[in-house]
Amino acid sequence: MAERETWTTRVGFIFAAVGSAVGLGNIWSFPFQTGSNGGAAFLVVYLAIVFLFGFPAMLMEFVIGRRSKQNPISAFRELGFGNWSFAGALGVIGSVVTLAFYSVIGGWVLSYIAGSATGAYFGEAGTFFESVSAGPLAVGTHAVFMAVTVAIVAFGVQSGIERATKVMIPAILVLLLGLAVWGFTLDGAAAGYEYYLSPDFQYLSENIATIVPSAVGQAFFTLSLGFSVMIAYASYLGRDDSLPADGGAIVVINTLVALLAGFVVFPVLFAIGVEPGSGGVGTAFVSLAGAFGQLPGGALLGAAFFFVLLLAALSSAISLLETPTSYVVDNYDYSRRTVATGLGAAIFALGVPTALDTGTLGWYNDVVFSFLLPFVVLLFALFVGWVAFDSASEELGMGTSLGGGFVTLWLWWVRVVIPVGIGLTLVLGIQDLLIKAQILESAVILA
Ligand code: PFF
């Protein structure tokens, strides 16, 4: 078996982790979740959850990964608790299911880049979406997106993932910043900023029961938590790194990208009078594309926007493929290239039903968001807080100058606050799934 790689530099790790975190979640889903949940009212809750829950939860995955220096499934055995491997495995399953439909959406983005350049969706944003989102074209673009993802992962951690993300992240930031400046010049800018930044507290208190679970799901998804990805990435990390400092940098950059995306999307939507509440899998694409189609310079700016989205989606997709790949490469005698290709083909097949029907895609998405993701975060919290707490605390303390007080606070946070918060979210999420599956008629457990 080949020797295990490590990141060449600390910055390399941060770029790769930011690459995983920054994705469709920030640039596409975040503005539309914000738009469907009352604008700034959602933003306030979301930011609180990112820092109070997301940041400490990221450190949980980091300590498991760096301590064990193993893929997310073998990690638990390495730490002496092999019967917890199922937790890591569930995270890997989450990665696989997510990549299956994430790649399909990545394929839509490809079609939108082409559609912006040719003006194909101008004036008929709705029919364009239907033609690219489900059917043979969607299967084809899904295949292309997956092939690129496989190619990068096949090159390995250093020459594939690290090198690719080092180019992608700065490109995303620069382009998004440029688009936000353009947004500032639009007629809708003032109204967009008002909606985005000035919270309506009455709306917040009336809708808190729907805002909080959405914000939790969005926060964990955008930080790539609960998928074992951060375990896999931290396993290639050296001991002299400060986990809280790196985690802090990743959380801050990821949040800035999402905020920046809002500064593009809201002025655009308000400029042409589209209701920002029209969220959902497809409407987000339809309303944005519709807006680009009506604005001067829309072809170029639309192409730039969707190109940013593509880069962001790709750098996340590679992390989703890296997780199962690292497991097979660590444990079996196959080359990384063979494994990445084989897994990519299988995950492509798993995604085909979602490329044929957006309803199926919605289902994959709901199962991940409402169940797998919070469940796995809960398991990681219980494992780190109550089972492997000695080695976890020691690991967190290595390479940081923050001292024992920080480590103790973190440990108790992981023991109590995260399980209670996530446990509640999980109950709400499962209830929501059952309602959607029409097993429950209405919210009966917690409403
Ligand atoms: N964080 C990515 C996004 O915001 O689009 C999605 C993602 C990537 C989720 C990797 C989970 C993951 F493991």
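Nothing fancy with the numbering, it's 1 onward along the sequence.
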**Whether R415 side chain and G385 backbone form a donor-acceptor pair below 3.5 Å** = yes
**Test of ring centre spacing under 6.0 Å for F307 and Y112** =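 F307 vs Y112: aromatic centres not under 6.0 Å.
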**Message:** Is a donor from one side chain sitting under 3.5 angstrom from an acceptor on the other, for E61 and S228?
**Reply:** no
**Message:** Less than 3.5 Å apart, any donor N or O on the side chain of N26 or N254 sitting next to an acceptor on the other?
**Reply:** yes
**Prompt:** Hey, is R67 close enough to E78 for a salt bridge, meaning N to O under 4.0 Å?
**Reply:**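 Not counted as a salt bridge, because no side-chain N and carboxylate O are separated by less than 4.0 Å.
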**Request:** Answer yes or no: is there an ion pair linking R336 with E322, defined by an N-O contact shorter than 4.0 Å?
**Result:** yes
**Request:** Classify the ring geometry between F292 and F305 as parallel (under 30°), tilted (30 to 60°) or perpendicular (over 60°).
**Result:** tilted
**Item:** Aromatic ring pairing F42/F30, orientation class (parallel under 30°, perpendicular over 60°, tilted between)
**Value:**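 Plane angle between 30° and 60°, so tilted.
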**Message:** For F155, I'd like to know if atom CZ has over 12 heavy atoms of other residues, nucleotides or ligands within 6.0 Å.
**Reply:**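 No.
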**Request:** Answer yes or no: does atom CZ of F86 have more than 12 heavy-atom neighbours from other residues, nucleotides or ligands under 6.0 Å?
**Result:** yes
**M60 side chain reached by W410 side chain, heavy atoms, under 4.5 Å** =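 A side-chain contact under 4.5 Å exists here.
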**Message:** W28 and ring pair (Phe, Tyr, Trp, His ring centres under 6.0 Å): which single residue from Y102, F221, F285, F306 fits?
**Reply:** F285
**Prompt:** Should V104 and L361 be marked as a side chain to side chain contact (heavy atoms under 4.5 Å, CB included) after you check the CA-CA gap, both sets of side-chain angles, and the distance that decides it?
**Reply:** CA-CA 9 Å; V104 171; L361 191 147; 3.9 Å; yes
